[in-house]
Amino acid sequence: MNWFNVKRLFVRELLSQLRDRRTLFTTVLLPVMIYPVLGLVMMQVAQFVTESKSNVVLVGEAAFEGLPQFVNPNGEEEGLVTSQDTLLTLIPEEFPEHATLEGVRESLQQRLDSKEFDAALVLSPELHRYLQFLRESVDGTASFDVQPEAIPGPVIVYNSVADKSKIARSRIAGVLDKWEEEVRASLFELGQLPLGVATPVEVQVQDIAPEESQAAQFWASMIPIMLLLWTLTGAFYPAVDLCAGEKERGTLETLLCGPAKRVEIVTGKLLTVMVFSFATSLANLVSIAFTGVFMVAKVMPVGSELHSKLGMFPGWNILWSLVVLIPLVAMFSALALAAATFARSSKEGQYYMMPLLMLALPLSMISVMPNVELDLGTSLIPIAGSALLLRNLVESQFDVAIRFAIPVMASSAFCCYLAVRWATFQFNSEAVLFRESEKWDIRLWIRQLIRNKPMLPTGGMAIFVAIAILMLRYVANATASAPETWQDFVFSNSIALILTIGVPAILVAVLLTNNVMGALKLTPPPVVAVLIAVLLPFLLHPTIIWLGVGIEQLYPVNPAMKAATAPVEAMLNSAPLFALMFVIAIVPGIFEELAFRGVILTGLQKDSRPSSAIFVSAFFFGITHGILQQSLNAFIIGLLLGYIAVRCGSLIPTIIMHVLHNGITVLVARSESQEWLSPLLTDYHGTPMYSPLVAVCGGVIAIGLIVWFHIQTRPKLAVGKSQHAGD
Amino acid sequence: MIVVENLRKSYPDLELDEVKAVDGVSFRCEPGQIFGLLGPNGAGKTTVLRTLATLLKPTSGSATIAGFDVEAEAEQVRRHIGFVSNNTSNYDRMSAREMVEFFGRLHGMPEGELQSRASLVYEQLQMTEFLEVAGGKMSTGMKQKVSIARAIIHNPPVLIFDEATVGLDVLVGRSLQNTVLELRDQGKCILYSTHHMREVERVCDQVAIMHNGKILCEGTQEDLREQFNQNDLEDVFFDLMEQQLQPGECE
């Protein structure tokens, strides 16, 4: 790569973007303006809400003579609702004679539904009688023997779904508090007791969180999400202009027939997009800071409700977040560039923004979820790890942030690498660069699929099978009921697995390819592969079990999920061994291999490099397992199985490995087998586990065997490898 | 200088399974010669030229430019050609000078050499009046001049013009043809594709008539007129279309 050319391209693209008003508006002006504008709008709306009036019907107050009055009927002295309370209008009504409290409540409810008023307060005759009785008990004329649950109280009727009714409720509740206080005071006065007796102790709460962290709560949850979203937006618009826009304007071809290499062009464009993405987040941060420091402080006085909610702006801490943003900016820029390269026009490019946002938004939302903290597990999740790290930085929790900064950066860097590779791939693909607006007709497409069957599945078929499996698994899991007996479990699980994983793969191989055995990789394997397939599961089992333990420590299993699977596990302990072997080892071992290392891997191999094909097939194998912890474990095993299948070109060894691995797991879980395994076992938190030494030794020998296997075999190229870069 | 041998390029297609955009095309073009590719829209001319400009990879066959293979030595090929087509536009947000000099620098030209070469090119193409005008504000004629300047700034031995006069008015078209003739006189090897017979008659030394991805006929204008017993190249073309001759039937 010629870095001088990259620099020339970068400077040109940068200048071109800086001369484009639309890009400048979306990437610099909009993020700067949005917070002040949002702030102003929100304040206007807030004023509107607080200034709407509430009408509250007050039923039965007239009967309460001798008690504090809500509204003074004579008008000489003010009641609890003073003339200052202009927003609360009380409409007094009498408690209907011979009516029950229940009846009154129902009629009020109907009137509330028809929006006659916003809320109602009912003071029943029972309450009156009770208060009278209370006074008599205090001055000694009656004895107090009422059970606490029999005490009648004032009743507020409101509708929690209607905002206006909720506001009315909070206003009348405030007045009612004052009323209650006065009633209490009059009773204490009657009984000649000091008022302090009512609250003999007062709980004191002390928050040990540093003041700046406390104050930054709101900002800490808001800033990461806003920064991430703007980073993506800031990357997307220039990317669309630099790729799809250039295609549309015809300048991309000018550039491509020039002397610069594709990789130089991609790098130059990527750097430009990164600059804009970063500038957008920076502009956004400046705007947040300005809004945070000046507007919040000036407009909302210290001590006001809104001020205490928003808290103090975290200050210079947030500058640290810019460092965290760099790998993220690179990743989003590469993703946006790849998506934008795929698009034929700027308009089409805009369509791809939504899927990217749908991917980024849920992951960045993790930073605002309660109970989610930055640890090794969360730090490895792309986007989410960065969002959590940003949050910790804003909260000034530097000790936690520093500890997990490296895993977060490493995970982001890895994703960034994949995104850059994808972008470069797009830029090297003729079909993508010179894609014409083709007419797609489903009938023609199906006809062609059937008439011109390829020998082996294509990449498109592989992805289709993988997605079909995911959808079918999802439906099967959602509709499955918990098994009641072990026979039930064995039967339903085997059928479900065959139907959702085996059948789609076999159907595609039979209907859409001309070489069914080749498509499913059902070819005779070399002897060396069979040997490896028999030995590896035994050697690697302890290592894989420890891997599972490690993964569970990183991402602990939800206790609710553990509790849910416990009865099934208990039930399976009573099942005979052959049944368990069938459902856990043999069926998945055969059908999962036919799908993932059969049709999917073979199809992916046709259109991409073996390493990418193995990675993608393992990814789908992993996510089919549903539960995160199992998925990670399955992904790693999927990499190994994929490697073996690609190296020997046959599925037989991977079926053997898969069946043996699952079979050993079933055997080891049976208590009776743990006796003869005992020399290899150790105690791990009360349960028997392979001793670490066994795992390490097994792992080392396995690696040795794999190296030997690697030397013994050569990668098998898929037959009929695509002639066109773009088909 | 340009040697194309049995070049093929096909694409998958839903309706026809496979479209043979270029189907076994061979020709040669020497320095100081203008080789015309004449054919209707969709004949496969653009695909041939895009393949020669290394934008597309051939499905089979080979092509070399200035001795470099278009597939294996794509970068060298691009250094030795100037490509002008109606698909290669100029940057809207760059002035004529910026555009031309940007490509000169990408070609690795030293600054002094670039400036003297640029002045020469501006003079030759009469561009000095609008050097600071941005691409988006240029007239079609100005744009075409900038395209040519961009393609010849590094003084390549081979020039490829793909339907370069499409959308130009008569005056601008004529001026482009004159430029092409001047470049030929400087010893450039020029590949010139068009669907206008008159243009071919005016500028091309050697002509190949393409249809459905194949070269139906090739020779000098006199050869073709003589062979088909016609006075006009347009009549030769229509004769060919009517007969749908196979390449073998044409000497």
Side-chain angles (χ1 to χ4, degrees), chain A residues 2 4-9 11-13 15-21 23 241 245-262 264-265 268 428-431 433-436 438-449 451-452 454 458 722-727, chain B residues 8-18 46-47 49-60 74-95 98-99 101-109 134-136 146-147 150-151 153-154 156 160 162:
Chain A
N2 179 343
F4 287 109
N5 272 357
V6 172
K7 189 187 133 199
R8 285 176 197 121
L9 285 157
V11 171
R12 195 217 78 77
E13 307 287 17
L15 273 179
S16 163
Q17 289 304 303
L18 287 173
R19 288 172 183 174
D20 182 25
R21 274 174 295 177
T23 311
D241 189 66
E246 282 214 30
K247 266 193 208 178
E248 206 170 32
R249 295 189 291 270
T251 48
L252 192 63
E253 201 164 323
T254 316
L255 192 58
L256 292 175
C257 68
K261 286 183 190 154
R262 298 277 161 96
E264 292 162 5
I265 298 175
N428 278 319
S429 163
E430 266 175 29
L433 289 177
F434 299 101
R435 209 156 56 99
E436 303 288 331
E438 75 270 41
K439 195 181 102 205
W440 196 77
D441 183 324
I442 191 159
R443 279 180 305 134
L444 284 176
W445 181 68
I446 292 173
R447 199 185 69 184
Q448 203 205 24
L449 265 185
R451 201 174 53 184
N452 300 323
T458 61
S722 167
Q723 292 285 322
H724 323 295
D727 74 0
Chain B
R8 286 174 205 276
K9 179 73 185 174
S10 46
Y11 302 99
D13 183 82
L14 274 188
E15 203 159 358
L16 307 164
D17 301 337
E18 191 183 45
T46 298
T47 310
L49 301 190
R50 274 183 172 166
T51 312
L52 293 181
T54 77
L55 296 172
L56 299 175
K57 284 199 167 71
T59 307
S60 69
E75 207 191 327
Q76 281 303 325
V77 168
R78 288 200 299 273
R79 290 194 176 280
H80 288 85
I81 59 167
F83 185 68
V84 179
S85 105
N86 60 347
N87 294 315
T88 51
S89 313
N90 303 322
Y91 291 114
D92 282 350
R93 302 191 282 261
M94 263 180 136
S95 70
E98 284 172 330
M99 173 89 188
E101 292 176 9
F102 165 66
F103 275 90
R105 290 191 186 101
L106 271 190
H107 277 287
M109 294 173 77
V146 177
S147 276
R150 183 264 304 159
I153 182 70
H154 57 298
I160 299 173
D162 179 20

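Bear in mind the structure is a predicted one, so any value in this text is a computation, not a measurement. Residue numbers start from 1 in every chain, and the chains themselves are labelled A, B, ... in the order their sequence lines are given, proteins ahead of strands.
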Checking heavy atoms, do the side chain of [X], its backbone, both or neither come under 4.5 Å from chain A?
| X | value |
| --- | --- |
| B:Asn87 | both |
| B:Phe102 | side chain |
| B:Ser85 | side chain |
| B:Asp92 | side chain |

**Message:** Just so I understand: if I count every heavy-atom pair under 4.5 Å between each of B:Arg79, B:Glu75, B:His80 and chain A, which residue has the most?
**Reply:** B:Glu75
**Request:** Return the minimal non-hydrogen interatomic distance between B:Arg105 and A:Asn5, and the atom names on each side.
**Result:** O-OD1, 4.3 Å
**Complete:** On a heavy-atom basis, the closest approach of A:Leu256 and A:Arg262 is CD2-NE, 3.3 Å
**Message:** I'd like to check the salt bridge (Lys or Arg N to Asp or Glu O under 4.0 Å) partners of A:Arg19; sequence neighbours left out, ordered by chain and number.
**Reply:** B:Glu98
**Prompt:** Got a sec, which residues hit salt bridge (Lys or Arg N to Asp or Glu O under 4.0 Å) with A:Asp241, two or more places apart in sequence or on another chain?
**Reply:** A:Arg22, A:Arg249, B:Arg93
**Message:** Salt bridge check, B:Arg50 against A:Glu430: does any charged N sit closer than 4.0 Å to a carboxylate O?
**Reply:** no
**Message:** Is it the case that the side chains of B:Thr54 and B:Arg78 hold a donor-acceptor pair, with the cut-off being a distance below 3.5 Å and no angle test?
**Reply:** yes
**Complete:** When the 4.5 angstrom heavy-atom criterion is applied to A:Glu246 and chain B, the contacting part is side chain
**Prompt:** So which part of A:Leu255 gets closer than 4.5 Å to some heavy atom of chain B, the side chain, the backbone, both or neither?
**Reply:** both
